[in-house]
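Below is one structure, written out as structure tokens; comments come after it.
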There are 2 protein chains.
Amino acid sequence: MDDDDHRTGATAETTTLADVARAAGVSVATASKALNGRAHVSARSREAVLAAAAALSFTPNPFARALNRASTNTIGMLTSDLDNRFVLPILLGAEDAFGAGSLSVLLADARDSALREQLQLQSLLTRRVDGVLVVGRTTNPRPPMQAKPDVPVVYVYAPSTDEQDLSFEPDNELAGRIAVEHLVAAGRRRIAIVNGEDTYAAARDRLRGAAAAMEDHGLELVGNPGLVFGAWDESWGRQAAGRLLAAHPDVDAVVAGSDHIARGVMDAVRESGRRIPDDVAVVGFDNWDILVEGARPHLTSVDMNLQELGRLAAEALVESIEGRVRRGRIRNPVRLVARGSSGADS
Amino acid sequence: MDDDDHRTGATAETTTLADVARAAGVSVATASKALNGRAHVSARSREAVLAAAAALSFTPNPFARALNRASTNTIGMLTSDLDNRFVLPILLGAEDAFGAGSLSVLLADARDSALREQLQLQSLLTRRVDGVLVVGRTTNPRPPMQAKPDVPVVYVYAPSTDEQDLSFEPDNELAGRIAVEHLVAAGRRRIAIVNGEDTYAAARDRLRGAAAAMEDHGLELVGNPGLVFGAWDESWGRQAAGRLLAAHPDVDAVVAGSDHIARGVMDAVRESGRRIPDDVAVVGFDNWDILVEGARPHLTSVDMNLQELGRLAAEALVESIEGRVRRGRIRNPVRLVARGSSGADS
DNA sequence: CTGAAAGCGCTTACAG
DNA sequence: CTGAAAGCGCTTACAG
């Protein structure tokens with residue numbers, strides 16, 4: 001049925017190693033060695049082959065190659081749930097790193113199902129990927145994948161629960177810490193937190209970091225921060241901040257669990273008749289442009305460096321494939337971007 | 001250097017067609033035919049082979065297969081710029097469609113560079129993808145890719161300028177139209193538009209649709225809509241709406257070029273002392289949850305159905321690969337989601 | 001250094 | 001219906 005296609009497309013037009021060898025006046029064996037930079041080839045032959053290959057714009061058939069090599073120059077990127085905005089910068093960073101090394105990326109998404117994740121992994125392994133990058137949906141630790149022992153796996157965002165695996169996650173404890181440090185440096189002392197969902201490690205880690213930083217300065221978070229977990233949205237921020245200001249009118253800064261929450265907090269602060277940042281400073285997490293720049297004043301926020309995280313994880317995967325194996329949970333630094341909501345210019 | 005890996009991983013453990021054939025007591029030729037559902041195999045042999053394959057959990061080596069077939073069961077997804085939130089739902093829809101057909105997806109990103117796009121395409125073609133899905137960054141028409149004639153290409157979001165190509169885009173004109181229809185149905189007559197950047201086809205198309213719908217009702221957009229292009233952000237929305245309300249105090253509805261712009265518009269409307277939706281109704285585009293649900297009242301918005309768009313494009317690509325070729329620009333329907341900002345409940 | 005030959009794992013005419 | 005054989009395009013010992 002597709003006989004025609006077969007002739008025209010695949011067979012006829014493609015130039016093969018044999019063509020190159022013929023043009024260079026050598027055997028396919030030497031042509032192969034020359035192209036792959038192997039030893040035992042005279043400079044003369046090597047040049048002839050390279051020239052011929054260039055002239056014919058030869059690209060080796062990756063399938064024939066894969067049939068004879070351990071590696072396929074393909075890696076698998078397995079996302080838990082593509083429908084998640086945190087995944088995009090991570091993908092971007094990873095794609096960047098892989099692309100630089102001329103690795104191809106097979107994308108597979110688990111649509112937030114453990115069963116489907118296993119199937120997708122099998123599919124990737126069937127394609128003989130050299131390694132797999134597992135991109136989580138949250139930073140909550142997740143059970144390790146059941147890959148083949150000779151196929152390295154690196155986890156990003158959601159770390160593996162197995163410490164023998166290699167995982168990359170943003171340093172959420174540091175994030176909480178630098179949010180507080182920034183506020184303290186700006187002269188704030190009555191600092192409270194309006195957190196995200198307590199089922200998220202990110203929320204708990206940030207709280208821990210914030211509390212530790214306060215303690216370092218001989219301070220304490222206002223209210224009972226262990227109780228201020230809620231949802232990841234504006235309306236929770238509004239509601240919690242309203243309650244907070246009523247109970248503790250002297251609060252002079254709020255660390256919000258996310259930029260989204262921060263927007264709600266800012267609304268509530270304003271509605272209480274207080275000014276931002278004069279009376280109350282606000283800091284968020286994620287540094288999400290759309291929220292941060294839409295806020296008035298612009299929102300100070302902690303950037304989780306997700307693109308860098310993706311790139312680092314990808315590079316580590318490449319290293320693992322090359323035999324330089326690392327283990328453990330890497331917590332990648334984050335950085336605070338100061339803006340008007342905490343008294344910086346802009 | 002990786003001799004060990006080679007032995008352990010690739011060679012030793014993998015079960016091959018020969019193993020299956022042996023277990024089934026047939027030749028590899030019949031085993032192959034049976035597994036591929038070809039004719040000229042007795043029911044008896046077929047069953048034996050299938051059973052053996054299952055017992056040995058045989059998965060055919062995709063590279064050996066690709067060496068003998070025209071197709072590789074791999075498609076390329078070439079994004080213009082992954083760093084773009086519109087791309088995510090499209091990817092998701094496409095991945096869904098491809099995954100269902102057991103096609104693998106190679107992801108390549110052009111990082112918004114035409115040169116890099118060409119290189120990535122070459123890389124995909126070298127991998128012998130069966131087809132390529134080109135995902136644009138805007139809905140502005142773009143020059144066609146220089147692919148090989150036997151490798152189908154389908155464009156999503158950004159259509160190809162070549163009408164002989166197959167492209168899928170959201171119907172932006174319809175989007176403008178239904179925004180107006182909705183407002184008119186809600187009793188509004190003095191409707192104005194605060195648009196996005198005029199370099200975007202999406203902005204121009206929506207305006208055209210909105211104007212046409214007004215005309216259908218014997219109405220006209222308030223102000224000079226041709227002049228109300230600006231930026232895709234909140235502050236432009238705020239500024240333009242402020243100006244608009246000053247010049248035309250009787251405006252009773254605003255169509256905003258995006259949800260983001262709409263948020264700015266809503267702020268300005270409120271600041272002018274008007275109520276939403278009582279005095280002024282507002283409609284946005286994109287139906288972006290985070291903006292739409294963060295607004296007070298919730299923002300009525302036109303959903304561009306991007307996930308569906310991705311799925312449709314992917315399915316069309318599969319059809320093209322199978323020989324059922326379509327051409328032209330498909331404008332996919334969009335839908336309005338009514339919320340509080342235009343008087344609906346919630 | 002060089003090349004003939006075997007082999008990677010599969011598919012597909014082609015004889016039986 | 002069945003299987004021996006050739007072939008897909010490359011790589012890699014192994015002799016020269």
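- We find that CG of A:N68 is positioned 14 Å from C1' of D:dG7, with the value rounded to whole Å.
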Got a list of protein N/O to nucleotides 2-4 of chain C N/O distances below 3.5 Å?
{"from": "C:dT2", "atom 1": "OP1", "to": "A:S42", "atom 2": "OG", "distance (Å)": "3.1"}
{"from": "C:dT2", "atom 1": "OP1", "to": "A:S45", "atom 2": "OG", "distance (Å)": "2.7"}
{"from": "C:dT2", "atom 1": "OP2", "to": "A:S42", "atom 2": "N", "distance (Å)": "3.1"}
{"from": "C:dT2", "atom 1": "OP2", "to": "A:S42", "atom 2": "OG", "distance (Å)": "3.2"}
{"from": "C:dT2", "atom 1": "OP2", "to": "A:S45", "atom 2": "OG", "distance (Å)": "2.9"}
{"from": "C:dG3", "atom 1": "OP2", "to": "A:S27", "atom 2": "N", "distance (Å)": "3.2"}
{"from": "C:dG3", "atom 1": "OP2", "to": "A:T30", "atom 2": "OG1", "distance (Å)": "3.2"}
{"from": "C:dG3", "atom 1": "O6", "to": "A:K33", "atom 2": "NZ", "distance (Å)": "2.7"}

- request: Take B:V87 and B:Y157 through the side chain to side chain contact (heavy atoms under 4.5 Å, CB included) test and state the conclusion after the steps.
  value: CA-CA 9 Å; B:V87 98; B:Y157 208 59; over 6 Å; no
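- Rounded to a whole Å, the CG atom of A:N61 is 16 Å from the P atom of C:dC10.
- A:I330 is not listed as a side-chain neighbour of A:L312, based on a closest heavy-atom distance of 4.5 Å or more.
- Contact annotation: A:R38 side-chain N/O to D:dT12 OP1/OP2 distance is under 4.0 Å.
- Pair assignment for C:dC1 gives D:dG16, based on Watson-Crick or G-U wobble hydrogen-bonding distances that are each under 3.5 Å.
- A straight line from CG of B:D19 to P of C:dG9 spans 9 Å, rounded to a whole angstrom.
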Side-chain atoms of residues 56-63 of chain B: list all donor-acceptor pairs with protein atoms under 3.5 Å, sequence neighbours left out, distances to 0.1 Å.
{"from": "B:N61", "atom 1": "OD1", "to": "B:F63", "atom 2": "N", "distance (Å)": "2.7"}
{"from": "B:N61", "atom 1": "OD1", "to": "B:A64", "atom 2": "N", "distance (Å)": "3.2"}

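- Inter-residue side-chain proximity for B:Q164 and B:P144 is flagged as unmet; no heavy-atom pair is nearer than 4.5 Å.
- Listed nucleotides C:dC10, D:dC10, C:dT11 differ in distance to B:T16; the shortest reach to its side chain belongs to C:dC10.
- With rounding to whole Å, B:R65 atom CZ is found 17 Å from D:dG7 atom C1'.
- Between A:L17 atom CG and D:dC10 atom P there is a gap of 5 Å when expressed in whole angstrom units.
- Side-chain contact annotation: A:T126 with A:S123, donor-acceptor N/O pair under 3.5 Å absent.
- Taking 4.0 Å as the cut-off between side-chain N and carboxylate O, A:R116 and B:E95 count as a salt-bridged pair.
- One atom, CG of A:N36, and another, P of D:dT12, lie 7 Å apart when rounded to the nearest Å.
- Side-chain contact of A:R127 with B:N73: a donor-acceptor pair under 3.5 Å is absent, judged by distance alone.
- Between the P atom of D:dT11 and the CG atom of A:L67 lies a distance of 11 Å, rounded to the nearest Å.
- Rounded to whole Å, atom C1' of D:dA13 lies 15 Å from atom CZ of A:R69.
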